[in-house]
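What follows is a short report on a single structure.
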Amino acid sequence: MAQPVHFHGANMVLGPPQGSENVADLFTYTNGRCSVSCWEFSPEELAEIMRTGRVFVSILSGSTQPPVFIGSEENVRDLVVDYGGVWRRS
């Protein structure tokens with residue numbers, strides 16, 4: 001399973017819901033309109049992604065899926081800047 005990772009420019013930490021198990025802190029950047037997180041894949045996951053060209057997203061709410069944009073850091077920065085500021089790079 002991809003793991004959330006801290007990234008330069010993250011300015012908020014979202015903790016797991018009370019009573020949740022196996023849920024890590026999620027470091028995010030927010031500009032008040034967009035929330036961005038960074039995820040890292042294991043070598044085995046990357047091999048599968050390279051083989052299939054697919055990534056699946058699961059939102060743990062069960063009844064809805066909010067708008068989601070998945071892309072490289074550059075692609076996400078290009079989208080987020082349209083809604084406000086972006087994070088500083090190291």
Side-chain angles (χ1 to χ4, degrees):
M1 163 173 75
Q3 295 296 311
V5 294
H6 184 274
F7 61 100
H8 185 79
N11 61 5
M12 181 181 279
V13 180
L14 302 175
Q18 188 173 8
S20 295
E21 296 182 19
N22 302 321
V23 179
D25 284 345
L26 183 60
F27 296 91
T28 66
Y29 166 82
T30 182
N31 63 13
R33 297 192 65 199
C34 295
S35 181
V36 177
S37 59
C38 179
W39 296 80
E40 187 171 82
F41 295 96
S42 70
E44 296 79 17
E45 290 168 321
L46 285 174
E48 181 179 351
I49 293 166
M50 291 299 295
R51 181 177 58 77
T52 65
R54 294 179 173 187
V55 173
F56 288 75
V57 175
S58 177
I59 306 298
L60 301 178
S61 71
S63 62
T64 186
Q65 184 151 326
V68 175
F69 182 89
I70 298 171
S72 67
E73 181 178 13
E74 192 63 36
N75 291 144
V76 173
R77 285 176 63 88
D78 287 349
L79 174 81
V80 172
V81 74
D82 290 341
Y83 295 92
V86 295
W87 59 99
R88 291 185 185 198
R89 294 184 176 163
S90 58

Under 4.5 Å side-chain linkage, directly or through intermediates, the cluster mates of F41: L46, I49, V55
Other ILVMFWY residues reachable from V13 by side-chain steps of under 4.5 Å: F27
Can you measure from [atom1] ([X]) to [atom2] ([Y]) and round to the nearest 0.5 angstrom?
X	Y	atom1	atom2	answer
D82	R33	CG	CZ	10.0 Å
I70	L79	CD1	CG	12.0 Å
T28	L14	OG1	CG	4.5 Å

Check against side chain to side chain contact (heavy atoms under 4.5 Å, CB included), D78 and V76: CA-CA 5 Å; D78 287 349; V76 173; over 6 Å; no
Just jot down the side-chain contact (heavy atoms from CB on, under 4.5 Å) partners of [X], sequence neighbours excluded, or say none.
X	value
S58	L60
S20	P16, P17, V23
V5	C38, E40

Short side-chain to backbone donor-acceptor contact, N31 and V86, under 3.5 Å: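 Such a contact is absent between N31 side chain and V86 backbone.
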Non-neighbouring partners of E44 that pass salt bridge (Lys or Arg N to Asp or Glu O under 4.0 Å), sequence neighbours left out: none
Shortest non-hydrogen contact between I59 and P66, atoms and distance: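 For I59 versus P66, the nearest heavy atoms are CG2-CD, 3.9 Å.
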Qualifying salt bridge (charged side-chain N to carboxylate O under 4.0 Å, His left out) pairs with a residue from residues 46-63, counting only residues at least two apart or across chains: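 Every pair satisfying salt bridge (charged side-chain N to carboxylate O under 4.0 Å, His left out) with a residue in residues 46-63: there are none.
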Counterpart residues, side chain to side chain donor-acceptor pair (under 3.5 Å), relative to S37 (two or more places apart): W39
Side chain to side chain donor-acceptor pair (under 3.5 Å) involving E45 - partner list, sequence neighbours excluded: S42
All pairs passing side chain to side chain donor-acceptor pair (under 3.5 Å) where residues 65-74 contributes a residue, at least two apart: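 Of all non-adjacent pairs touching residues 65-74, those that pass side chain to side chain donor-acceptor pair (under 3.5 Å) are S72-N75, E73-W87, E74-R89.
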Residue pairs fulfilling ring-ring contact (aromatic ring centres under 6.0 Å, His included) with at least one residue in residues 52-79, sequence neighbours excluded: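 Sorted result for residues 52-79: empty, none.
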